[in-house]
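To start, the structure itself, in structure tokens.
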Amino acid sequence: MRSKLSAKTWSIAFVLIVFLGSLFIVSINYYLDPFGLRSVENKNFINLSKTEYSYMYPIKIAQKAPYYLVGTSRTKYLNLPLLAHYLHKHIIHIGMDTQTLDENLFLLKFLKTYGSHFVSGFDALTLNTAYPRSNRLKQVFETNHTNMLSFLFNTNTIKATIRNLTDTLLSQPNDLVFTQDNLHIGEKNSNTDIENYFISVFQNPKDAQSFRYDINESQILEFAKLGDSQDIIIIFPKHAYYYKFFAKAGVQEKYFHAIELLVNNTKARVYSFYGINSITRDKANFDDYGWHFKPKIGNLILAKIFQDESVEVPKDFGVELTKENVEAYLQNLRDSIQTTEID
């Protein structure tokens with residue numbers, strides 16, 4: 001009898017331990033909110049801009065936040081708490097590595113259904129339809145449900161919570177990864193490195209002339225018309241040599257046409273940081289191969305957009321595009337890219 005009671009007691013104790021442990025895990029993950037579902041303040045910057053955890057996208061969209069940050073991996077280099085401060089609104093990051101325009105539209109349609117606004121990139125290679133890829137998000141939304149308990153129990157959510165707790169216990173700044181990125185000195189940033197990298201990554205064309213690039217005008221128009229006056233579209237900067245390369249590879253004119261279509265058909269505010277200027281000429285402002293701008297440049301981008309006069313932004317960095325100035329702006333870019341030598 002005693003052994004049976006002991007076994008029963010242990011069984012009850014085990015169930016209680018599992019229950020209380022699960023309750024603790026759920027509670028602490030919910031309270032710490034590591035991915036910034038309710039607030040982006042005091043969150044580890046790595047957690048805020050995670051793009052590899054596909055299970056998060058349906059949950060993030062279901063929050064119906066006032067704003068969402070959409071686009072390619074370049075969105076990871078924007079300071080999300082700073083952006084929320086400028087907007088005076090909560091914002092959630094839903095960027096993706098190598099995001100296509102099809103995937104971008106997929107997300108934006110959800111956001112607009114829920115009455116949310118967006119800050120979105122409009123990268124040249126996002127628009128390229130010459131190398132078709134399947135929409136990764138369709139399967140994610142079909143197979144993942146917006147179950148908050150599953151989200152809170154996910155091992156990646158637990159890891160993110162531990163990362164936030166570690167920052168607190170060790171008094172580490174939440175933006176430590178941004179500080180490290182800013183201090184990083186690229187070792188592969190020569191013009192040859194940049195061109196070889198581009199050629200090797202994008203379907204391995206033999207040279208710039210054999211690179212294929214095309215756009216889908218109807219998709220671009222659809223994207224443009226989704227934007228309203230509270231939405232923001234950003235043409236992010238790359239190292240200046242890419243602009244020379246794009247001109248040589250046949251990307252420039254089709255992309256410029258896409259920009260014209262966008263600006264002439266959207267109510268969103270459009271800001272361009274494209275072109276050869278004091279920021280894009282400096283390889284210290286970019287990572288290896290000049291592919292991503294550093295976080296400090298992301299701060300300049302936001303300061304320009306929100307007219308923060310406390311931040312010194314070079315006068316030649318960033319332009320708000322309108323129906324009235326877009327044609328002249330693009331012609332100035334053509335002239336500058338053609339005539340300027342890049343060291």
Side-chain angles (χ1 to χ4, degrees), residues 71-75 77 97-101 104 120-133 186 188-217 219-220 223 233-263 270-283 285-294 297 301 316-319 321 326-343:
T72 65
S73 54
R74 283 171 187 79
T75 56
Y77 297 88
D97 291 344
T98 65
Q99 186 177 84
T100 64
L101 184 56
N104 187 297
S120 176
F122 191 72
D123 289 350
L125 298 175
T126 295
L127 309 183
N128 192 8
T129 59
Y131 303 100
R133 286 182 288 147
K188 298 177 181 179
N189 267 340
S190 71
N191 294 347
T192 301
D193 286 332
I194 289 172
E195 185 161 342
N196 288 341
Y197 173 77
F198 184 90
I199 289 172
S200 67
V201 168
F202 291 95
Q203 305 298 323
N204 211 19
K206 292 179 293 183
D207 51 38
Q209 284 72 22
S210 62
F211 179 72
R212 292 184 291 123
Y213 184 83
D214 207 354
I215 61 173
N216 183 324
E217 291 189 4
Q219 276 195 331
I220 293 166
F223 173 82
I233 299 169
I234 307 172
I235 299 169
F236 289 115
K238 296 180 180 66
H239 181 262
Y241 186 72
Y242 279 106
Y243 305 130
K244 303 285 283 188
F245 185 79
F246 282 179
K248 185 168 57 173
V251 174
Q252 176 179 285
E253 289 310 311
K254 290 180 180 179
Y255 183 48
F256 283 7
H257 177 56
I259 292 173
E260 280 196 273
L261 281 176
L262 170 66
V263 174
V270 182
Y271 292 86
S272 176
F273 298 87
Y274 195 99
I276 300 172
N277 54 56
S278 57
I279 295 296
T280 61
R281 290 183 71 122
D282 188 349
K283 291 174 181 175
N285 291 329
F286 298 86
D287 61 8
D288 279 333
Y289 308 108
W291 194 237
H292 295 115
F293 56 84
K294 291 184 177 180
I297 305 306
I301 289 170
D316 63 348
F317 187 58
V319 174
L321 299 183
V326 64
E327 187 176 347
Y329 169 77
L330 293 174
Q331 187 55 51
N332 287 338
L333 284 182
R334 287 186 187 95
D335 296 340
S336 171
I337 291 167
Q338 183 178 1
T339 59
T340 306
E341 294 296 324
I342 305 298
D343 299 331

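Quick note: residue numbers are just sequence positions, from 1.
- Leu262 is listed as a side-chain neighbour of Val270, based on a closest heavy-atom distance under 4.5 Å.
- Gln219 contributes atom CD, which lies 9.0 Å from atom CG of Leu127 (distance to the nearest 0.5 angstrom).
- The shortest distance between side-chain heavy atoms of Tyr255 and Ile235 falls below 4.5 Å.
- Taking all atoms of both residues into account, the shortest heavy-atom contact from Tyr329 to Ser272 is OH-OG, 2.6 Å.
- Nearest heavy-atom pair, Lys254 versus Ile215, reported as atom, atom and distance to 0.1 Å: O-CD1, 3.5 Å.
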### Task
Would you check, one step at a time, whether the test side-chain contact (heavy atoms from CB on, under 4.5 Å) holds for Asn191 with Lys244?
CA-CA 10 Å; Asn191 294 347; Lys244 303 285 283 188; over 6 Å; no
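- Of the possible polar contacts, none joining the Asp123 side chain to the Arg74 backbone as a donor-acceptor pair under 3.5 Å is found.
- Under the 3.5 Å distance criterion, with hydrogens and angles disregarded, a donor-acceptor pair is assigned to the side chains of Ser278 and Asp316.
- Ring geometry, Phe223 versus Phe122: the interplanar angle falls under 30°, so the pair is classed parallel (tilted spans 30 to 60°).
- Panel note: side chain Asn285, backbone Ile279; a donor-acceptor pair is recorded below 3.5 Å.
- When the shell of 6.0 Å around CD of Gln338 is examined, it contains 12 or fewer heavy atoms from other residues, nucleotides or ligands.
- A donor-acceptor pair under 3.5 Å is formed between the side chain of Tyr213 and the backbone N or O of Ala124.
- Around CD of Glu327, the count of heavy atoms belonging to other residues, nucleotides or ligands within 6.0 Å does not exceed 12.
- Heavy-atom minimum distance, Thr100 versus Thr126: C-CG2, 3.6 Å.
- You'll find the ring centres of Tyr274 and Tyr242 outside the 6.0 Å limit.
- Using a 30° and 60° split on the angle between ring planes, Tyr243 and Phe246 fall in the perpendicular class, above 60°.
- Taking every heavy atom of both residues into account, Tyr289 and Ile194 meet most closely at O-CG1, 3.4 Å.
- Between Ala240 and Ile342, the shortest heavy-atom contact is CB-CD1, 3.7 Å.
- Interatomic distance, CD of Glu217 versus NE2 of His257, reported as 3.5 Å (0.5 Å rounding).
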### Message
For a side-chain contact (heavy atoms from CB on, under 4.5 Å) check, start with the C-alpha distance between Lys283 and Asp288, then their side-chain angles and the critical distance, and finish with the verdict.
### Response
CA-CA 9 Å; Lys283 291 174 181 175; Asp288 279 333; over 6 Å; no
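- Not counting sequence neighbours, the partners of Asn104 by the side chain to side chain donor-acceptor pair (under 3.5 Å) test are Gln99, Ser120.
- Minimum interatomic distance between Ile220 and Leu261 (heavy atoms only, all atoms of both residues): CG2-CB, 4.0 Å.
- For the pair Asp287 (side chain) and Trp291 (backbone), a donor-acceptor distance under 3.5 Å is present.
- In this structure, the side chains of Phe293 and His239 stay at 4.5 Å or more apart for every pair of heavy atoms.
- Aromatic ring pairs are classed by plane angle as parallel below 30°, tilted from 30° to 60° and perpendicular above 60°; the pair Tyr77 and His292 is parallel.
- No donor-acceptor distance shorter than 3.5 angstrom exists from the side chain of Ser336 to the backbone of Asn332, with no hydrogens or angles considered.
- Remark: Tyr241 pairs with Glu195 by the side chain to side chain donor-acceptor pair (under 3.5 Å) rule, at least two apart or across chains.
- Leu321 has its side chain within reach of Val319: a pair of non-hydrogen atoms, C-beta onward, lies under 4.5 Å apart.
- In this structure a side-chain-to-backbone donor-acceptor pair under 3.5 Å is missing from Asp214 to Ala130.
- Applying the ring pair (Phe, Tyr, Trp, His ring centres under 6.0 Å) test to Phe273 and every residue at least two apart in sequence or in another chain returns Phe317.
- Side chain of Thr340 to backbone of Ile337: no donor-acceptor contact under 3.5 angstrom is found.
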